Amino acid sequence: MEDILVLGVGNILQRDDGVGVRVIEHLQGAELPPCVEVFDGGTAALDLLSVVANRQRLIVVDAVQGGSEAGAIYCFTPDDVETEPHPITSVHQIGLLETLAMARHLGCSPKSIVIFGVEPKVIDWGLDLSPEVAAVVPDLARLVLEEACRPISSGKDG
């Protein structure tokens, strides 16, 4: 297990929702530092607990609806997102933030977590990213690599 995990999440069958996985595919063809692992997390958030546990740094890439134009890139931490507890009736309803909260509760949370989000244009059946979102994949991959190569500090956010 490497110290730094780049985790792409999303559903590639739902067009722009799959941008996180598409960035992982892009990075798999790049030369990565030896301490960096890339992982296609798909849509199985709860199953990712063992994948993210005890990492020095976790970098997540996902589609995020923030109200900007399609292709806008966001960078934030889980602490930047206010979450309200929702009743969970199925493991399929558990999202990434809940998985990260569970890791924190179990004492195996990554030391530093950064989330890169991309504003989607189309979330509907299909395999192709919209042109706006596809255009930012190389830039997003570069930003993710820059974050992965940044020295890990002793602070909460790396």
Side-chain angles (χ1 to χ4, degrees), residues 2 4-33 36-49 51-52 55 57-104 109-110 112-150 156-158:
E2 303 300 343
I4 301 169
L5 176 67
V6 179
L7 176 66
V9 294
N11 186 344
I12 62 167
L13 301 176
Q14 293 268 290
R15 300 211 43 200
D16 290 346
D17 186 49
V19 66
V21 175
R22 299 305 185 199
V23 169
I24 293 303
E25 292 171 353
H26 187 86
L27 289 172
Q28 286 171 336
E31 190 165 327
L32 301 172
V36 176
E37 176 184 355
V38 295
F39 190 85
D40 172 355
T43 60
L46 184 59
D47 293 337
L48 297 175
L49 184 60
V51 175
V52 303
R55 301 289 183 144
R57 177 176 288 149
L58 172 64
I59 303 168
V60 178
V61 185
D62 197 2
V64 173
Q65 293 180 322
S68 293
E69 71 279 355
I73 298 173
Y74 306 102
C75 183
F76 55 96
T77 69
D79 292 338
D80 295 331
V81 181
E82 289 187 32
T83 58
E84 295 182 19
H86 298 285
I88 296 171
T89 57
S90 163
V91 294
H92 300 291
Q93 291 178 325
I94 297 176
L96 181 64
L97 291 175
E98 289 84 3
T99 299
L100 295 174
M102 188 178 300
R104 185 173 37 247
S109 179
S112 168
I113 303 170
V114 174
I115 302 169
F116 284 95
V118 177
E119 185 76 39
K121 180 175 184 179
V122 181
I123 306 254
D124 197 4
W125 294 111
L127 294 173
D128 296 329
L129 297 175
S130 66
E132 295 86 346
V133 172
V136 301
V137 167
D139 289 336
L140 185 55
R142 180 186 48 78
L143 291 171
V144 166
L145 277 178
E146 287 173 4
E147 178 66 28
C149 292
R150 199 169 54 83
K156 174 176 78 171
D157 293 324

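When reading the values below, keep in mind they use all heavy atoms of this one structure, side chains included, and skip hydrogens, waters and symmetry mates. Numbers here simply count residues along the sequence, with the first being 1. Owing to the predicted nature of the structure, the values given are computational and were not obtained by experimental measurement.
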Measure the spacing between CG of D124 and CG of D17 and express it to the nearest 0.5 Å. 11.5 Å
Is any side-chain heavy atom of E2 closer than 4.5 Å to one of V36? no
Hey, are the side chains of F76 and V64 touching, using non-hydrogen atoms and a 4.5 Å cut-off? yes
Sidechain-backbone polar pair: R15 side chain, I123 backbone, donor-acceptor under 3.5 Å: no
d(S109 OG, R104 CZ) to nearest 0.5 Å is 6.0 Å
Residue pair L13 / W125, side-chain heavy-atom distance below 4.5 Å: yes
How long is the gap from CG on L58 to OG1 on T77, to the nearest 0.5 Å? 11.5 Å
Non-hydrogen side-chain atoms of L48 and V9 separated by less than 4.5 Å: yes
Please name all residues satisfying salt bridge (charged side-chain N to carboxylate O under 4.0 Å, His left out) with E119, sequence neighbours left out, ordered by chain then number. none
Give the table of side-chain donor-acceptor pairs shorter than 3.5 Å for residues 129-144, with sequence neighbours excluded, one pair per line with atom names and distance.
residue	atom	partner	partner atom	Å
S130	OG	D16	OD1	3.2
S130	OG	D16	OD2	2.8
S130	OG	V133	N	3.4
E132	OE2	K121	NZ	2.8
R142	NH1	E146	OE2	3.0

Return the CD1 to OG distance between I4 and S112, rounded to the nearest 0.5 Å. 9.0 Å
Under a 4.5 Å cut-off applied to non-hydrogen side-chain atoms, are I115 and L97 in contact? yes
CZ/R150 to CD1/I59 distance, rounded to the nearest 0.5 angstrom? 8.5 Å
Are any of the side-chain heavy atoms of V52 and F39 separated by less than 4.5 Å? no
Within the structure provided, determine whether V61 and I24 are in side-chain contact (heavy-atom separation under 4.5 Å). no
Side chains of R22 and I12, heavy atoms from C-beta outward: is any pair under 4.5 Å? yes
